Amino acid sequence: MGDEEIPDCWEDLDAQIPESVVEGAIKVADFDFTSSHQNNDRPLNMQDANLSQMDHNSLSFQHYSQQKTEKPKANSEEKKIPKPRKIEPESVPAINKDGLISSLIEANKSLEIKLAEPDSRDPVNLVFIGHVDAGKSTVCGNILLKTEKINRRVVEQYEEEAKENNRESWWLAYIMDISEEERIKGITIEVGRAFFETDSRRFTILDAPGHKSYVPNMISGAAQADVAAIVISARKGEFESGFERGGQTTEHTILARAMGVKNFIVLVTKMDDPSVGWSQERFEFIRASFSQFLRYTCKIVDENIFWVPISGLLGLNLNEKVPADVCPWYQGLCLFELLNVIPLPERNSNESLRIPILDKIKDVGLSALGKVERGTVVKGLKTMIMPIESEAEIQELYGPEDAKFMYAKTGENLRLKLKVGEGVEIQPGYVLCDIHDVCNVATEFEADLILFDLLPQKMLVCPGYECVIHLNSILQDCQVTQVIARYDENKHKKIKVDFCRGNSRVIVRLSTPTPICVERYVDFPPLGRFTLRDEDTTIGIGKITNLFL
Ligand SMILES: Nc1nc2c(ncn2[C@@H]2O[C@H](COP(=O)(O)OP(=O)(O)OP(=O)(O)O)[C@@H](O)[C@H]2O)c(=O)[nH]1
């Protein structure tokens, strides 16, 4: 199959299938669990489907039939096409339209506050993902060292501390892993954030944890990313354990893809390890095996995948090409050369503002961390916090390294000092919106869902099925209230069903206990795509197709 023929799994979900092809309900026996294996492509599941799980299906069905008490609250006639909500604030100028941004900037200037203009270089949010101990923090640490973002003397302290913790080779990882728990355990827990610049771009590094227990943190990092660097260890046995069933190399890649990342750099690291010795054969073996997964499971075309062999520990092939006497066979770009040219997502700074809140900081006043997903934010701007419908004034904008900005456009990762009303609290998942054009808020929505392997003890999805939804920075319980249809294996027909199994593509209705900020995927992808997880396992990825407001 040529690359151009590989469908994009997310675009593919957009296919409009007429209702007339919906057929009658099917029985369990009709459900072809292996259908996705019937062509040469790998199935759209986390790994190959586990056929042995079929034995448990009838048991699981009984279990969920008993739970099936909750009736969907509305039928398809009640569907409403959502319209952006309008809230009429008191005398606030429309922002982001008709050149009013410049008047606000002028107003700020007249206050004689010395504020930096945002750096004209493009901001890029670069998430590092991959299996536990692949070498993510080490390569991030070395990038900061090479770009002189970290002082040599501080690094010497880290070397001492790493020695004391009997983790001598972890000193570079200590640059990113700053908590005591992370340093003692030698693993990343929170998403580490740092900044560096190349000639043409400014990067926010998001160092995601590789350990399975911290996948929710990894998802929040991936939600902000413009580009993902998948770090793979070339050391004997390490690539294999990240790639095999349950390995985080594959899970992270699927999740990053589901969170909307389009371009992936595959950093094959630890090339210096004695078991590798910069072997071209090992690099090509990894490339051939992992490419299959990227193409056929994740549906990422080759032009969006960039391969670079590196040593994160020795800092080779990062800011300069690896010397020919070390690696004579690699003729491609070094990491920094690639970072200067890798395609970035389209940015839309002229539309109404959306900043999903990633976290809050309470020191002097209230600050929110977040990436501008759409629009432009200006100091002094009045915004609306959704879903709580409270006004918040942007008192200060801080960019990388706490540089004060007067305004920031789409793509910028910021800390925003907010002025809010008495008693107003913010939390991750809230969205700062244009006061004249806020996002939608709902507790029920319909979605197109790709299901992977389900848990052995919960083999069927039917009304009442409970799991956790990750939608941008929202993490909430959610429940399936209706299974509407299943796509047949050619994705040409929707078949009406009441329940479904794993490794299928279905249309479901979901609900959350409290209102969340959501949009239809076609209207605003960052608030329209999500991941479902159950008991620490990713069970599905989806796109919102309809809101029930
Ligand atoms: N030889 C060699 N060892 C490396 C390299 N990069 C990382 N390591 C070692 O691999 C181990 C794990 O490195 P980390 O950078 O902590 O891995 P990580 O992927 O950030 O780990 P988590 O975030 O906890 O998943 C440490 O002992 C590093 O010194 C490399 O390029 N070469």
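Predicted model only: the values in this text are computed from it and were never measured. The residues of the chain are indexed from 1 along the displayed sequence. First listed ligand is number 1; within each ligand, the first listed atom is number 1. Only heavy atoms go into these numbers, but all of them, side chains included; no hydrogens, no water, no symmetry mates.
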From CA spacing to verdict: side-chain hydrogen bond (donor to acceptor under 3.5 Å, both in side chains), S473, S220: CA-CA 5 Å; S473 46; S220 86; over 6 Å; no
K149 vs E197, salt bridge (Lys or Arg N to Asp or Glu O under 4.0 Å): CA-CA, chis, key distance, verdict: CA-CA 9 Å; K149 291 289 169 193; E197 294 112 21; 3.3 Å; yes
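- Heavy-atom proximity to T269, at under 4.0 Å, picks out these atoms of ligand 1: 31 (O).
- Both the sub-6.0 Å distance and the 45° axial angle are satisfied by K458 relative to the ring of Y465.
- For a threshold of 3.5 Å applied to N or O pairs, the pair formed by G135 and ligand 1 contains at least one separation below that value.
- Close approach to T138 involves these atoms of ligand 1, each under 4.0 Å from a residue heavy atom: 6 (N), 7 (C), 13 (O), 14 (P), 15 (O), 28 (C).
- Of all atoms in ligand 1, listed by their number and element, those nearer than 4.0 Å to a heavy atom of G312 are 31 (O).
- Checked by distance only, ligand 1 and D133 come closer than 3.5 Å through their nitrogen or oxygen atoms.
- A heavy-atom separation below 4.0 Å is found between R235 and ligand 1.
- Residue contacts with ligand 1: L314 is placed with no nitrogen or oxygen under 3.5 Å of a nitrogen or oxygen of the ligand (distance criterion only).
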Audit row: D226, R347, salt bridge (Lys or Arg N to Asp or Glu O under 4.0 Å) steps and yes/no: CA-CA 10 Å; D226 301 309; R347 300 214 153 129; 2.9 Å; yes
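- The shortest N/O to N/O separation between A134 and ligand 1 falls below 3.5 Å.
- Near S311, with a cut-off below 4.0 Å to any heavy atom, the atoms of ligand 1 are 31 (O).
- Proximity of D272 to ligand 1, defined as any heavy-atom pair under 4.0 Å, is confined to the side chain (atoms from C-beta onward).
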Steps toward salt bridge (Lys or Arg N to Asp or Glu O under 4.0 Å) verdict (K371, E412): CA-CA 6 Å; K371 177 188 163 196; E412 204 80 59; over 6 Å; no
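- Checked against the 6.0 Å centroid criterion, the rings of Y521 and F445 do not qualify as a close aromatic pair.
- No hydrogens or angles considered: nothing links the side chains of Q479 and S511 as a donor-acceptor pair under 3.5 Å.
- Geometrically, ligand 1 and L313 share a nitrogen or oxygen pair separated by less than 3.5 Å.
- Remark: aromatic rings of F283 and W329 are close, center separation under 6.0 Å.
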